J.: 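Let me begin by handing over the structure; questions about it come next.
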Amino acid sequence: MHTHSQSLAAQSPLPPGPRGLPLIGSSLSLARDPLGFLTHTARTYGDVVRIPLGSTALYLLAHPAQIEEVLVTQGRSFPKEQIENLRHSTDYLLFGTGLLTSNGDFWLRQRRLLQPAFHRQRINAYAAAMVAHTERMLAHWRPGQTIDLHEEMLGLTLNIVAETLFGADTTHDAAVVGKALGAVMDVAAAEIGQPITMPTYVPTPGNLRFRRAVHSLESVITRIIAERRADPAERGDLLSMLLHARDEDSTGMSDRQVRDEAVTLFLAGHETTALALSWTFYLLGQYPQVAARLHAELAAVLNGRAPTLEDLPRLPYTGLVLKESMRLYPPAWTLSTRVADADLLIGGYRIPQGSAVMLSQWITHRDPRFFADPELFRPERWEEGLEERLPRFAYFPFGGGRRLCIGQSFAIMEATLILATILGRHKVALVPGWQATPQPSITLRPREGVRVVLG
């Protein structure tokens with residue numbers, strides 16, 4: 001199948017890129033400052049770059065046309081790394097064979113089982129719960145109070161995903177899960193660019209911390225699963241669907257598979273939305289004119305009341321604020337690595353079989369070829385149909401192709417309703433001089449949080 005393109009690829013040159021140091025390549029530069037190093041590399045060497053990392057190399061693709069090749073046109077030739085090869089990796093320990101990490105027919109089966117939980121009607125039914133949880137949080141806020149909005153958003157979205165997808169009240173578990181997630185992200189961040197990562201069974205301090213964190217997360221999830229196995233009534237939420245799902249031969253999912261899918265959706269379903277909101281508040285604090293226009297829209301449409309699902313079409317600027325925030329600070333700053341299953345030709349260069357390919361929203365979203373003044377926060381850039389004029393993958397905060405994020409509609413609705421509920425009641429100002437540093441881990445977290453004073 002690949003024969004013709006493979007022979008073309010074999011005759012093509014490898015992409016340009018930094019030479020790096022003997023033995024370790026560019027590992028130190030990548031580990032020290034992943035975002036800065038990758039941006040500099042893409043701007044210096046072009047759209048297809050080879051980055052040496054010890055005995056292997058990473059291939060960074062920055063142009064929307066090449067991203068489309070990997071995700072769509074040649075998508076089947078660029079699967080995710082086989083999770084079976086990663087038995088002793090942090091990804092496997094955390095997600096197992098959930099939707100984020102699985103491949104092939106097994107992934108397709110799981111995706112089909114999960115899809116009905118994300119149908120529009122079902123998602124729309126979650127709107128009231130999203131607003132109710134936000135109002136419960138606001139009941140504890142006082143004007144003049146200083147809070148870490150990032151921490152607040154993590155707790156809020158955790159409670160929302162627990163109720164809407166798992167029918168559970170995790171108020172008491174939020175602190176446990178929050179602490180565990182922090183540890184997971186710190187260890188994952190420390191692994192970036194390491195030429196050698198220790199298998200999870202090696203008792204390094206990082207691995208021990210990671211294992212403890214995963215155990216804490218599992219204790220919450222497995223308890224919820226056990227409670228539901230004991231009371232198996234169909235409740236119409238995601239967990240019910242996972243527990244009642246049956247294959248053609250009537251076999252259901254094992255507790256382990258339910259756990260893998262639940263952990264994946266639990267983390268993906270709350271961490272990313274919390275981050276989109278955290279970075280949005282951070283940007284609004286730096287751009288008072290954007291905040292003023294947003295407050296004006298909310299005042300005109302809501303006039304102090306809580307938003308509902310029906311209000312969403314009437315809040316266009318609120319949507320653009322979130323869209324622009326996810327351009328500058330995409331919660332998923334890179335897509336999980338794809339692997340070339342043969343020698344392949346991309347952008348005129350050879351990508352050797354078995355090579356790891358990286359696609360980074362951070363780099364492409366800030367490319368001046370597609371976005372004028374890319375470092376500026378300008379939600380109005382999306383007015384007048386910018387998205388229709390852009391190449392398809394110039395903006396891809398939710399990934400794309402067959403593996404487009406299953407929870408995209410859920411996340412956008414949730415973030416919009418939360419933002420509208422909070423800013424309909426409060427003005428939010430950054431603590432003077434506050435700086436948040438992007439911490440690239442599995443997701444893009446604000447390392448110092450987002451400290452604000454409530455108005």
Side-chain angles (χ1 to χ4, degrees), residues 126-164 169-179 181-182 269-288 290-309 311-312 315 317-319 321-322 325 329 331 411-436 445-455:
Y126 301 147
M130 292 168 174
V131 173
H133 276 286
T134 310
E135 293 196 296
R136 212 169 299 162
M137 176 189 74
L138 293 181
H140 301 286
W141 288 16
R142 299 288 175 266
Q145 193 181 351
T146 299
I147 59 172
D148 179 359
L149 256 176
H150 176 51
E151 210 172 274
E152 295 278 318
M153 292 304 98
L154 284 170
L156 172 62
T157 57
L158 173 71
N159 289 331
I160 289 171
V161 83
E163 181 187 327
T164 55
D169 177 1
T170 58
T171 313
H172 304 300
D173 303 314
V176 175
V177 172
K179 192 176 170 198
L181 265 177
H270 102 93
E271 168 88 9
T272 50
T273 308
L275 289 173
L277 286 160
S278 300
W279 287 117
T280 300
F281 284 115
Y282 182 61
L283 287 162
L284 288 169
Q286 296 170 297
Y287 288 82
V290 176
R293 184 174 166 189
L294 179 55
H295 277 289
E297 176 176 271
L298 294 171
V301 174
L302 303 177
N303 195 22
R305 65 174 172 80
T308 64
L309 178 69
D311 291 315
L312 292 181
L315 297 171
Y317 193 67
T318 310
V321 164
L322 283 162
S325 165
Y329 293 101
I412 290 171
M413 180 176 83
E414 179 183 22
T416 311
L417 288 171
I418 292 173
L419 190 64
T421 306
I422 293 172
L423 294 181
R425 308 281 167 82
H426 287 276
K427 284 200 161 54
V428 173
L430 284 179
V431 166
W434 189 260
Q435 290 288 314
R445 286 187 152 203
R447 183 179 284 128
E448 301 80 5
V450 179
R451 300 281 291 174
V452 301
V453 181
L454 299 175

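Everything quoted here is computed from the prediction, not taken from an experiment. Side chains are part of it too, since the values below use all heavy atoms of this structure and drop only hydrogens, waters and symmetry mates.
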J.: Can you confirm whether L312 sits close enough to L417 that some side-chain heavy atom of one is under 4.5 Å from a side-chain heavy atom of the other?
T.: yes

J.: Please tell me if the side chains of V452 and Y282 come closer than 4.5 Å, counting only heavy atoms from C-beta onward.
T.: no

J.: Might you work through the side chain to side chain contact (heavy atoms under 4.5 Å, CB included) test for E414 and L277, ending with a clear yes or no?
T.: CA-CA 10 Å; E414 179 183 22; L277 286 160; 5.9 Å; no

J.: Do E151 side-chain atoms and G449 backbone N/O form a donor-acceptor pair below 3.5 Å?
T.: no

J.: Side chains of L154 and R445: does their closest heavy-atom pair fall under 4.5 Å?
T.: yes

J.: If you define the side chain from C-beta out and look only at heavy atoms, does anything of W434 sit under 4.5 Å from E448?
T.: yes

J.: Given side chains that start at C-beta, do those of L454 and I147 come closer than 4.5 Å, heavy atoms only?
T.: yes

J.: If we only count heavy atoms from C-beta on, is the M153 to I422 side-chain gap below 4.5 Å?
T.: yes

J.: Mind checking the CG-CD1 spacing from L156 to I418? Nearest 0.5 Å is all I need.
T.: 4.5 Å

J.: Which distance, rounded to the nearest 0.5 Å, do you find between the CD of E152 and the CG of L138?
T.: 9.0 Å

J.: Mind checking ring pair (Phe, Tyr, Trp, His ring centres under 6.0 Å) for Y287 and listing every partner two or more places apart, or none if nothing turns up?
T.: F377

J.: Could you give me the CA-CA distance, side-chain angles and deciding distance for T273 and I160, then say whether side chain to side chain contact (heavy atoms under 4.5 Å, CB included) is met?
T.: CA-CA 11 Å; T273 308; I160 289 171; over 6 Å; no

J.: Working note: L419 + L294, criterion side chain to side chain contact (heavy atoms under 4.5 Å, CB included); need CA distance, chi angles, decisive distance, verdict.
T.: CA-CA 10 Å; L419 190 64; L294 179 55; 4.3 Å; yes

J.: Measure the shortest side-chain to side-chain distance between L430 and L284 over non-hydrogen atoms and say whether it is less than 4.5 angstrom.
T.: no

J.: Ignoring hydrogens and angles, tell me if any N or O in the side chain of H133 forms a donor-acceptor pair with the backbone of T157 under 3.5 Å.
T.: no

J.: Measure up the W279 and Y329 rings against each other and bin them: parallel (under 30°), tilted (30 to 60°), perpendicular (over 60°).
T.: parallel

J.: Of all residues at least two apart in sequence or in a different chain, which pass the side-chain contact (heavy atoms from CB on, under 4.5 Å) check with A429?
T.: none

J.: Are side-chain heavy atoms of T308 and V131 found at a separation under 4.5 Å?
T.: no

